[in-house]
Amino acid sequence: AYEISACLVGSEMYIRDRSYTDGASIYYTVNFRLPPSITIMGNNTRLLRTEGSNRCFEGSCRRENIVFFTKNVQFGSTTVTVTDASGYAVGDKILIVGEDGTSEDKAEPLNYEFNYIAAINEKTITLKSPISFGILLSKCNTKGSISSAINNGSISKVVDGEIKISGIEDITNTKNKTDGFITIKYQENVFIDNVKSLNQPVALLQYSNNITINNCRVVNKYSDGSYYHVGVVLWETNNVLVNNLSLIHISEPTRQAEI
């Protein structure tokens, strides 16, 4: 487990190898980038952001060595052909993204998956498990997308990991916020507990699996439409469990809480 340090060095928030920090207030100007695997025990640490900092923690299991498919992929196939497989090895964990064109939405519920490489023969990769959706290259980067139509119809190397965050409170009272207090993409195994957010969702997760969110709260102090009234945002996620999530609106001018 780790402690969030109340000191800043340059533009980075340091995390020290200790159990936790009690009720500290931390001031910071940039988003803290999470590694693929980390446990953070805030123990009611309060975070105050300056203007322009939209997220508390940003976790993105790094997509490395992105390569594109050269042929359409059939549902249930265990092989894919890519532009260059030289950066991959047997046993690598990969993220597959693509579109079959059946949806006009930004992305489909099953247009991504995590898999492992079982074998490589030049530019043909054999997957450990059959792919759970089809991919039409003519639809990639035009209809469906990943991160605004970038790198759709591709595979990328990712890292196994587990993110655990607990005991954090956002005390930044500003309208200049986007995404989630905690924003995580391309990740498996995420656990968020006892996190309180102000004027934005506790968490936004996308292209992620195996998520547990417990005992979290969102407080909204604005009623002019500058904030969307949700506790958690889930885009293209699987196996999600949410328990005891509270959404509180404090109305003006009486500041009466409406749950």
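All residue numbers refer to positions in the sequence shown, counting from 1. No experiment lies behind these values; they were computed from the predicted model shown.
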Would you mind reporting whether [Y] and [X] have side-chain heavy atoms less than 4.5 Å apart?
| X | Y | answer |
| --- | --- | --- |
| Val73 | Ile131 | yes |
| Ile165 | Phe191 | no |
| Ile182 | Ile192 | yes |
| Gln200 | Asp170 | yes |
| Glu236 | Asn111 | yes |
| Asn214 | Asn244 | no |
| Leu205 | Val190 | yes |

Quiz: residues 84-98 side-chain donor-acceptor pairs under 3.5 angstrom, not counting sequence neighbours:
{"from": "Asp84", "atom 1": "OD1", "to": "Ser86", "atom 2": "N", "distance (Å)": "2.9"}
{"from": "Asp84", "atom 1": "OD1", "to": "Ser86", "atom 2": "OG", "distance (Å)": "2.8"}
{"from": "Asp84", "atom 1": "OD2", "to": "Ser86", "atom 2": "OG", "distance (Å)": "3.2"}
{"from": "Tyr88", "atom 1": "OH", "to": "Asn65", "atom 2": "O", "distance (Å)": "2.4"}
{"from": "Tyr88", "atom 1": "OH", "to": "Ile155", "atom 2": "O", "distance (Å)": "3.4"}
{"from": "Asp92", "atom 1": "OD2", "to": "Ala89", "atom 2": "N", "distance (Å)": "2.8"}
{"from": "Lys93", "atom 1": "NZ", "to": "Asp160", "atom 2": "OD1", "distance (Å)": "2.7"}
{"from": "Lys93", "atom 1": "NZ", "to": "Glu188", "atom 2": "OE1", "distance (Å)": "2.6"}

Let's go through Val240 and Leu234 carefully: what are the C-alpha distance in whole Å and the side-chain angles of both, what is the deciding distance for side-chain contact (heavy atoms from CB on, under 4.5 Å) to 0.1 Å, and is it a yes or a no?
CA-CA 9 Å; Val240 180; Leu234 302 170; 3.7 Å; yes

Considering residues at least two apart in sequence or located in another chain, which fulfil the side chain to side chain donor-acceptor pair (under 3.5 Å) criterion with Ser156?
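Only Arg63 meet the side chain to side chain donor-acceptor pair (under 3.5 Å) criterion with Ser156.
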
Heavy-atom pair with the smallest gap, counting every atom of Pro201 and Ser197:
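Closest approach of Pro201 to Ser197, heavy atoms only: O-OG, 3.5 Å.
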
Could you state the interatomic distance from [atom1] ([X]) to [atom2] ([Y]), rounded to the nearest 0.5 Å?
| X | Y | atom1 | atom2 | result |
| --- | --- | --- | --- | --- |
| Phe181 | Lys196 | CZ | NZ | 11.5 Å |
| Ile184 | Ser208 | CD1 | OG | 7.0 Å |
| Ile211 | Asn238 | CD1 | CG | 8.5 Å |
| Gln187 | Asn189 | CD | CG | 7.5 Å |
| Phe69 | Leu136 | CZ | CG | 12.0 Å |
| Ser37 | Ile163 | OG | CD1 | 7.5 Å |

Verdict with reasoning, Lys123 to Thr83, per side-chain contact (heavy atoms from CB on, under 4.5 Å):
CA-CA 7 Å; Lys123 297 182 179 181; Thr83 52; over 6 Å; no

Determine, step by step, whether Ile213 and Leu241 satisfy the side-chain contact (heavy atoms from CB on, under 4.5 Å) criterion, reporting the C-alpha distance in whole Å, the side-chain angles of both residues, the deciding distance to 0.1 Å, and the verdict.
CA-CA 6 Å; Ile213 299 173; Leu241 178 63; over 6 Å; no

Quiz question: by atom type and distance under 3.5 Å, do the side chains of [X] and [Y] form a donor-acceptor pair?
| X | Y | value |
| --- | --- | --- |
| Ser132 | Glu113 | yes |
| Asn239 | Asn209 | no |
| Asp193 | Asn215 | yes |

Once you measure the plane-to-plane angle for Tyr112 and Tyr207, does it fall in the parallel (<30°), tilted (30-60°) or perpendicular (>60°) bin?
perpendicular

Could you tell me whether a side-chain N or O of Thr183 sits under 3.5 Å from a main-chain N or O of Gly180, the two making a donor and an acceptor?
yes

